[in-house]
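Input: a single structure, listed below in structure tokens.
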Amino acid sequence: MLFARNHSTLRQKMVQNQIEARGIRNPRVLAVMRKVERHLFVKPQYLNVAYKDGALPIDCDQTISQPYIVALMTDLLELTPTSKVLEIGTGCGYQTAVLAELASEVYSIEIIPLLAKNAKVRLEALNYQNVHLKKGNGHYGWQEYAPYDAVLVAAAPKAVPKQLIDQLAAGGRMVIPVGGSEQNLLLIRKGFQSTETAIPALETTEVIPVRFVPMTGRTK
């Protein structure tokens, strides 16, 4: 019980000092960051730093993102309880769980078999029934369930994959890190298709510089 209480206290401090202090004000996002237990998603040797301000290593040379970045990306999506979300890069499943608390359905793709397997076990054990997982190449998205109200990409491609834009609903939002050695977090808003050009209008905003693992898998 003491162990659980300590983590609860650390989680509240994490939200106050790392997330609210940096300007995140959405009460739904703050509530879910207080609720989802990040220590359940880190490797045992990192339990004592699970709520510190930074990314941590997970299996296969990947990382669990800094809590503030998870909150920021989630906040930028402006999710509602009816939102359908596509996530590229399940990783350990922490960001997936945050999305699942806020949206109706989450479709998440992971290209690395071990990560996909472990995330499935972890999220099922936590009873996230609105999460749908598959192993696959994130560049292609998950066409079967498109369009999506929101797309979150947790790895950095050199350019925004066209298939992900195509699978984003009109009026939807995508948050994606883009670049190589230097990356920027982008917010892409997809407008409604023009009757003259048949091309949807895209509004792209650079949010902040970031550093994510590269997005792997080849495009055709």
Side-chain angles (χ1 to χ4, degrees), residues 18 38 41-43 45-46 49-50 52-77 85-100 106-123 131-143 146 148 150-168 172-190 202 204-220:
Q18 301 176 35
R38 191 171 188 255
F41 295 85
V42 305
K43 300 177 81 169
Q45 60 266 42
Y46 297 115
V49 291
K52 295 292 186 180
D53 186 15
L56 291 172
I58 59 173
D59 291 322
C60 307
D61 296 319
Q62 304 297 296
T63 59
I64 178 173
S65 292
Q66 176 187 12
Y68 169 67
I69 294 296
V70 171
L72 175 63
M73 293 176 74
T74 304
D75 187 45
L76 290 169
L77 292 177
V85 183
L86 173 64
E87 180 190 34
I88 306 301
T90 314
C92 64
Y94 177 61
Q95 175 75 79
T96 317
V98 169
L99 295 173
V106 179
Y107 296 84
S108 187
I109 303 172
E110 174 56 57
I111 197 169
I112 301 175
L114 179 62
L115 293 183
K117 176 184 176 182
N118 290 346
K120 183 175 188 294
V121 170
R122 185 175 293 116
L123 291 164
V131 170
H132 314 276
L133 304 172
K134 80 168 183 176
K135 179 191 170 297
N137 185 338
H139 284 89
Y140 304 132
W142 200 336
Q143 180 61 48
Y148 300 94
V151 176
L152 184 148
V153 183
K158 295 293 180 61
V160 180
K162 181 181 182 299
Q163 289 91 336
L164 300 185
I165 293 291
D166 292 343
Q167 292 175 29
L168 183 63
R173 290 171 160 244
M174 178 188 301
V175 178
I176 179 171
V178 176
S181 59
E182 296 184 359
Q183 302 170 6
N184 279 303
L185 186 66
L186 304 182
L187 169 62
I188 300 173
R189 300 177 180 90
K190 186 174 185 179
L202 299 176
T204 301
T205 304
E206 290 188 2
V207 183
I208 57 170
V210 289
R211 180 168 294 278
F212 277 76
V213 295
M215 188 172 176
T216 57
R218 294 183 178 181
T219 57
K220 293 180 181 177

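In this text the structure is predicted, and so the values were computed from the model without any measurement. Note that the numbering runs from 1 along the sequence shown for the chain.
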| task | Find the distance between OG1 (T204) and CG (N184) and round it off to the nearest 0.5 Å. | result | 11.5 Å
| task | Mind listing the closest non-hydrogen atom pair of P157 and I176 along with its distance? | result | CG-CD1, 3.7 Å
| field | Heavy-atom closest pair, residues H139 and G217 | value | CE1-O, 2.9 Å
| said: Atom CD of residue position Q45 - does it have more than 12 heavy atoms of other residues, nucleotides or ligands inside 6.0 Å? | reply: yes
| E206: which of V178, L186, L185 passes side-chain contact (heavy atoms from CB on, under 4.5 Å) | L186
| Whether over 12 other heavy atoms sit under 6.0 Å from K158 NZ | no
| field | All pairs passing salt bridge (charged side-chain N to carboxylate O under 4.0 Å, His left out) where residues 110-119 contributes a residue, at least two apart | value | none
Please output the side-chain donor-acceptor pairs of residues 53-60 that fall under 3.5 Å, not counting sequence neighbours, one pair per line with the distance.
{"from": "D53", "atom 1": "OD1", "to": "R22", "atom 2": "NH1", "distance (Å)": "3.2"}
{"from": "D53", "atom 1": "OD1", "to": "Q66", "atom 2": "NE2", "distance (Å)": "2.7"}
{"from": "D53", "atom 1": "OD2", "to": "R22", "atom 2": "NH1", "distance (Å)": "3.4"}
{"from": "D53", "atom 1": "OD2", "to": "R22", "atom 2": "NH2", "distance (Å)": "2.7"}

| field | S108: which of K120, K134, E87 passes side-chain hydrogen bond (donor to acceptor under 3.5 Å, both in side chains) | value | E87
| query | Any luck finding a side-chain donor-acceptor pair between T90 and Q95 under 3.5 Å? | reply | no
| said: Checking the side chain of K190 only, and the main-chain atoms of G172 only, is there a donor and an acceptor separated by less than 3.5 Å? | reply: no
| request: Tell me, yes or no, whether the heavy-atom count around K135 atom NZ, taken from other residues, nucleotides or ligands under 6.0 Å, exceeds 12. | output: yes
| query | For the side chain of Y148 and the backbone of W142, is there at least one donor-acceptor N/O pair under 3.5 Å apart? | reply | yes
| Between the main-chain N or O of C92 and the side-chain N or O of R122, is there a donor-acceptor pair closer than 3.5 Å? | yes
| query | Counting N and O atoms only, with roles assigned by atom type, does the side chain of Q167 sit under 3.5 Å from a partner on the main chain of Y140, one being a donor and the other an acceptor? | reply | yes
| remark: Here the gap from T63 atom OG1 to R211 atom CZ, rounded to the nearest 0.5 Å, amounts to 11.0 Å
| message | Can you classify the ring geometry of H132 versus Y107 as parallel (below 30°), tilted (30 to 60°) or perpendicular (above 60°)? | response | parallel
| Side chains of V175 and V153 in contact at under 4.5 Å (non-hydrogen atoms) | no
| said: Looking at R173 and L76, would you say the former's side chain and the latter's main chain have a donor-acceptor pair under 3.5 Å? | reply: yes
| task | Starting at CG of L99, measure out to CG of L77 and round the result to the nearest 0.5 Å. | result | 7.0 Å
| Minimum heavy-atom distance between G91 and A119, given as atom pair plus value | O-CB, 3.6 Å
| query | Can any side-chain N or O of Q183 pair as donor or acceptor with the backbone N or O of F212 at less than 3.5 Å? | reply | yes
| query | At what distance, to the nearest 0.5 angstrom, does OG1 of T96 lie from CZ of F41? | reply | 8.0 Å
